[in-house]
Asks: 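Here's a structure for you.
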Amino acid sequence: FYRSEVASGEEATRESRICDLVPGATVDAHLFDPCGYSMNAQLHESYTTMHITPQAEFSYVSFETNTRLANYAALVRAVLSLFRPGRVVVTMFADESGLVELKDSVFDHAAIAIPRAGTYRQTNFTKCSFSTEQCGLLGNWRLEKDEHEAGSPVRGNSRSPNPIDDPEASVSSVEGM
């Protein structure tokens with residue numbers, strides 16, 4: 001996600017396989033100078049936005065969507081598989097009746113195994129009610145690397161650590177229903 005390595009936001013989206021997270025969506029991506037990436041995608045009434053800050057001092061990836069899904073665990077696994085962060089925070093804002101409709105909640109998983117990365121162990125879970133019908137959920141997971149499973153995440157860069165290569169980098173995923 002350095003301008004010296006890719007020419008445009010569109011190229012970064014393709015080469016990093018971020019486009020696989022938003023199939024069929026119209027994507028508007030921007031590559032910052034000298035580094036950084038921002039993407040907005042829209043498909044029908046749903047949006048997805050992503051921001052990547054690859055600086056060694058504060059590597060960060062955020063992924064947010066309002067896409068309605070019956071199973072957000074699969075989307076979270078896809079984001080983790082792509083970036084393989086050292087830590088992840090997942091937040092969800094929903095109404096209580098929407099939570100009942102979920103087929104598989106990522107918050108129910110104490111461990112999330114990601115091939116070629118390792119296992120994410122849940123370290124915290126919090127649920128906060130804002131009203132009788134609306135709530136927020138927040139979970140934290142930390143990667144336990146399996147040396148036999150470790151593989152290369154999204155194409156990195158040679159200049160300095162980026163959110164994908166940095167085991168202390170974090171990914172934040174916001175899901176909405």
Asks: What's the separation between atom NE2 in H109 and atom CH2 in W141, rounded to the nearest 0.5 Å?
Replies: 9.0 Å

Asks: Would you mind reporting whether F130 and F93 have side-chain heavy atoms less than 4.5 Å apart?
Replies: yes

Asks: Which atom names give the shortest non-hydrogen contact between V6 and A12, and what distance separates them?
Replies: CG2-CB, 4.0 Å

Asks: To the nearest 0.5 Å, what is the distance between CD1 on I52 and OH on Y60?
Replies: 11.5 Å

Asks: Are the side chain of T91 and the backbone N or O of L137 linked by a donor-acceptor pair below 3.5 Å?
Replies: no

Asks: If hydrophobic clusters are built by linking Ile, Leu, Val, Met, Phe, Trp and Tyr wherever their side-chain heavy atoms come under 4.5 Å apart, do L99 and V90 end up in the same one?
Replies: yes

Asks: Please round to the nearest 0.5 Å and tell me the distance separating atom NZ of K127 and atom CG of L138.
Replies: 13.5 Å

Asks: Where is the tightest heavy-atom contact between G98 and D95, given as atom of each residue plus distance?
Replies: N-OD1, 2.6 Å

Asks: To the nearest 0.5 Å, tell me how far R84 CZ sits from L143 CG.
Replies: 10.0 Å

Asks: If only atom types and distance count, is the side chain of E11 paired as donor or acceptor with the main-chain N or O of A7 below 3.5 Å?
Replies: yes

Asks: Taking a hydrophobic cluster as the set of Ile, Leu, Val, Met, Phe, Trp and Tyr residues connected by side-chain heavy atoms closer than 4.5 Å, whether directly or through intermediates, do F107 and L69 fall within one such cluster?
Replies: yes

Asks: Rounded to the nearest 0.5 Å, how far does NE2 of H30 lie from CD of E10?
Replies: 10.0 Å

Asks: Let me confirm one number: the OG-CZ distance from S8 to R14, rounded to the nearest 0.5 Å.
Replies: 6.0 Å

Asks: Tell me which one of V88, T123, N124, T119 satisfies side chain to side chain contact (heavy atoms under 4.5 Å, CB included) with R142.
Replies: T123

Asks: Is there a donor-acceptor pair closer than 3.5 Å between any side-chain N or O of T65 and the backbone N or O of Y47?
Replies: yes

Asks: Kindly indicate whether the side chain of L82, heavy atoms from C-beta on, has any atom under 4.5 Å from the side chain of D20.
Replies: no

Asks: Would you check if F63 and V76 make a side-chain contact, meaning some heavy-atom pair closer than 4.5 Å?
Replies: no

Asks: Would a distance-only check, ignoring hydrogens and angles, find a side-chain to backbone donor-acceptor pair under 3.5 Å from N71 to K103?
Replies: no

Asks: List the steps, then state whether side chain to side chain donor-acceptor pair (under 3.5 Å) holds for Y72 with T67.
Replies: CA-CA 9 Å; Y72 287 99; T67 304; over 6 Å; no

Asks: For R68 and S46, work out which heavy atoms get closest and say how close.
Replies: N-OG, 4.5 Å

Asks: Of the non-hydrogen atoms in L21 and A78, which two are nearest, and what is the gap between them?
Replies: CD2-CB, 3.7 Å

Asks: Can V79 be reached from L43 by stepping across I, L, V, M, F, W or Y side chains whose heavy atoms are under 4.5 Å apart?
Replies: no

Asks: Donor-acceptor pair, distance only, cut-off 3.5 Å: does the side chain of Y37 make one with the backbone of V61?
Replies: no

Asks: Minimum heavy-atom separation for F32 and S38, please, with both atom names.
Replies: CE1-CB, 3.6 Å

Asks: What's the shortest heavy-atom distance between L31 and G9, and which atoms?
Replies: CB-N, 3.8 Å

Asks: Do we see a donor-acceptor contact under 3.5 Å between the side chains of T53 and H51?
Replies: no

